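Keep in mind it's a predicted model, so treat the numbers as computed, not measured. Labels below follow one simple rule: chain letters A, B, ... track the order of the sequence lines, proteins then strands, and each chain is numbered from 1.
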2 protein chains.
Amino acid sequence: MTGRSPKPLAPAVLTGLASRWALLIVDALAEETLRYTRLHGRVDGISHQMLARTLRALERDGIVVRTAHATVPPRVEYALTPAGRDLRTRVAGMCAWSRAHLPEIEAARERFAAEAEHTRLRRAGLAAVPGGPPAAPLTATDALAGPARRPGDGGREIGIDRADPFLVPRANAAWARLALRYRLYGPAGEFLLATAVDDGPPRWRAVRVLPGADLMGAGAAAFLGTAAGRPEFAALSPDGRVALRATTGAARVRVIAVPTDRPGRDAASC
Amino acid sequence: MTGRSPKPLAPAVLTGLASRWALLIVDALAEETLRYTRLHGRVDGISHQMLARTLRALERDGIVVRTAHATVPPRVEYALTPAGRDLRTRVAGMCAWSRAHLPEIEAARERFAAEAEHTRLRRAGLAAVPGGPPAAPLTATDALAGPARRPGDGGREIGIDRADPFLVPRANAAWARLALRYRLYGPAGEFLLATAVDDGPPRWRAVRVLPGADLMGAGAAAFLGTAAGRPEFAALSPDGRVALRATTGAARVRVIAVPTDRPGRDAASC
DNA sequence: CGGGATCCGGAGCGATACTG
DNA sequence: CAGTATCGCTCCGGATCCCG
């Protein structure tokens, strides 16, 4: 048994146990036989239905015995068979493993997520910089949500026709122009980018532009939009005073600069 | 650690490992680091895509390390991390369990299936009898397949309007009448019933009728049709000489008796 | 109380095609 | 060779209702 297990054995049995409910139920029945409802309370999160189904599957495989007393109201008890008790020790081994390595696992997940983010950024021509997101006057959701505000309050908007064959370079140029004019970049060229996270609201990330960056093409294709030439993202200057946003409408791609505090002279007159 | 494991720990990690592919991959990487394609050959049954996805998940959780050599063609190797090697011993424990208890498990499955069949039969008002299915001149699929033959060859058909309020008792009576007239029952009242199996063709099962049987109502609802009053099944006399079939058409339920060998006088004239 | 039957959305998974 | 992208389907799993 030092090597791999014989081919046909593992799959046949594993398929039955490869549900997390099966493992949790075996664990819950570890030392007492339980009635249905108590068991339901123990497994925590399982639905009424899944408990019944998984119990039947376990009974089918001889891991659990079901004892129904013919009383009113009915009284049904579930317990592990000898095979089930044996299995339970193995399951406990896996649980012990998870407890022992939990910090490692979480660290690995964070490293993996960071690595993935860096890869996406690099594809867009950006580099993450250590500067963390300061308390911004605008939240990422604010800057991203809703129809883009018209920049009547001292900002500026540039639109490019989506049919334009030079859409991507022109949008990139517009972005660069507005970023410079409205002082998006901090002293080291850094600014805040709203990166979409899988679950939860977007998060501000401090980045800087690398030579040859292509936010509207490769960047939009990577994660700053839905596809190349369809950007959908927002940026914020490190001091939080100006927001830049790129958004894709039906006919045109728009790049918008909006001062976020006291709109007026100093930004627009620059 | 003698009791149940702490609630929040198990689910978090188990969800990642509750896929049979994850366990099989960990097992496959037990002692050698493998390249993608070799690994694909080892895991046996996994799709190209699932291997890639599961590997990424395992890498994400720090169970597997991916080493990509920047050569042409690319060369990527997968190996277990220390945590992965630790996990692997636990997985091996589960595999050992499956090997040790495999006969038990298969026996339990057969017992369960038999029990389920008996329950279904009892619900229809039937009892299984030890008599096994002899080599019947008709296979179950023959008797069940296609549109029911008109009994021009010495048999008899009785139809009942599906709108008839007494459909079920009348169909039951028709079945009983034809069963007696065409000698469906053997000496002990037994006959062969084509029971639908989940996978594979129908199988002949030796049964006998219990008092108060209701093949067309409860029986059809249980497994001899699609619902009460919609029977769809076939029976065969133990000697295989006569087939009875109940089938549900658009307007009527039909009960049909068909001699299977030398149609003619002795059966029809009875 | 302890389920079963049914409906339905979403995740899992496979087949195929394309890429560096 | 070692993936990723897209599509489509199946089955998991939950919510709800019903039954003995």
What pairs of donor and acceptor atoms, side-chain ones from residues 206-228 of chain A against any protein atom, are under 3.5 angstrom apart with sequence neighbours left out?
{"unit_1": "A/Asp214", "atom_1": "OD1", "unit_2": "A/Asn172", "atom_2": "ND2", "d": "2.7"}
{"unit_1": "A/Asp214", "atom_1": "OD1", "unit_2": "A/Gly217", "atom_2": "N", "d": "2.9"}
{"unit_1": "A/Asp214", "atom_1": "OD2", "unit_2": "A/Ala218", "atom_2": "N", "d": "2.9"}
{"unit_1": "A/Thr226", "atom_1": "OG1", "unit_2": "A/Arg230", "atom_2": "NE", "d": "3.4"}

Report task. Not counting sequence neighbours, list each pair that qualifies as a ring-ring contact (aromatic ring centres under 6.0 Å, His included) and has a residue in residues 37-75 of chain A. Result -> A/Tyr36-A/His48

Report task. Scan residues 57-66 of chain B for pairs that pass salt bridge (charged side-chain N to carboxylate O under 4.0 Å, His left out), counting only residues two or more places apart or in two chains. Result -> A/Arg109-B/Asp61

Query raised in the report: Quick one: how far along DNA chain C does chain A reach, first to last nucleotide 5' to 3', anything under 4.0 Å to a heavy atom?
Result: C/dC1 to C/dT6

Requested in this report: Could you note down all residue pairs passing ring-ring contact (aromatic ring centres under 6.0 Å, His included) where residues 77-115 of chain A supplies at least one of them, sequence neighbours left out?
Outcome: A/Trp97-A/His101

Report task. Sequence neighbours left out, what passes salt bridge (charged side-chain N to carboxylate O under 4.0 Å, His left out) with A/Arg90? Give chain and number order. Result -> A/Asp86

Requested in this report: Under the side chain to side chain donor-acceptor pair (under 3.5 Å) rule, collect the residues that match up with B/Arg85, sequence neighbours excluded.
Outcome: none

Query raised in the report: Does B/Arg75 have any side chain to side chain donor-acceptor pair (under 3.5 Å) partners at least two apart in sequence or in another chain, and if so, which?
Result: B/Glu77

Query - Axis-to-axis angle between the two ends of the helix from C/dC1-D/dG20 to C/dG20-D/dC1 (five base pairs per end, rounded to 10 degrees) - result: 50°

Query raised in the report: Could you give the start and end, 5' to 3', of the contact zone on DNA chain D for chain B, using atoms under 4.0 Å from its heavy atoms?
Result: D/dC1 to D/dT6

Requested in this report: Mind running a 4.0 Å heavy-atom check of residues 47-68 of chain B against DNA chain C and sending the residues that fall below it, in number order?
Outcome: B/Ser47, B/Gln49, B/Met50, B/Arg53

Requested in this report: Using a strict 4.0 Å threshold on nitrogen-to-oxygen distance, state whether B/Arg245 and B/Glu232 make a salt bridge.
Outcome: yes

Query raised in the report: B/Asp161: what forms a salt bridge (charged side-chain N to carboxylate O under 4.0 Å, His left out) with it, not counting sequence neighbours?
Result: none

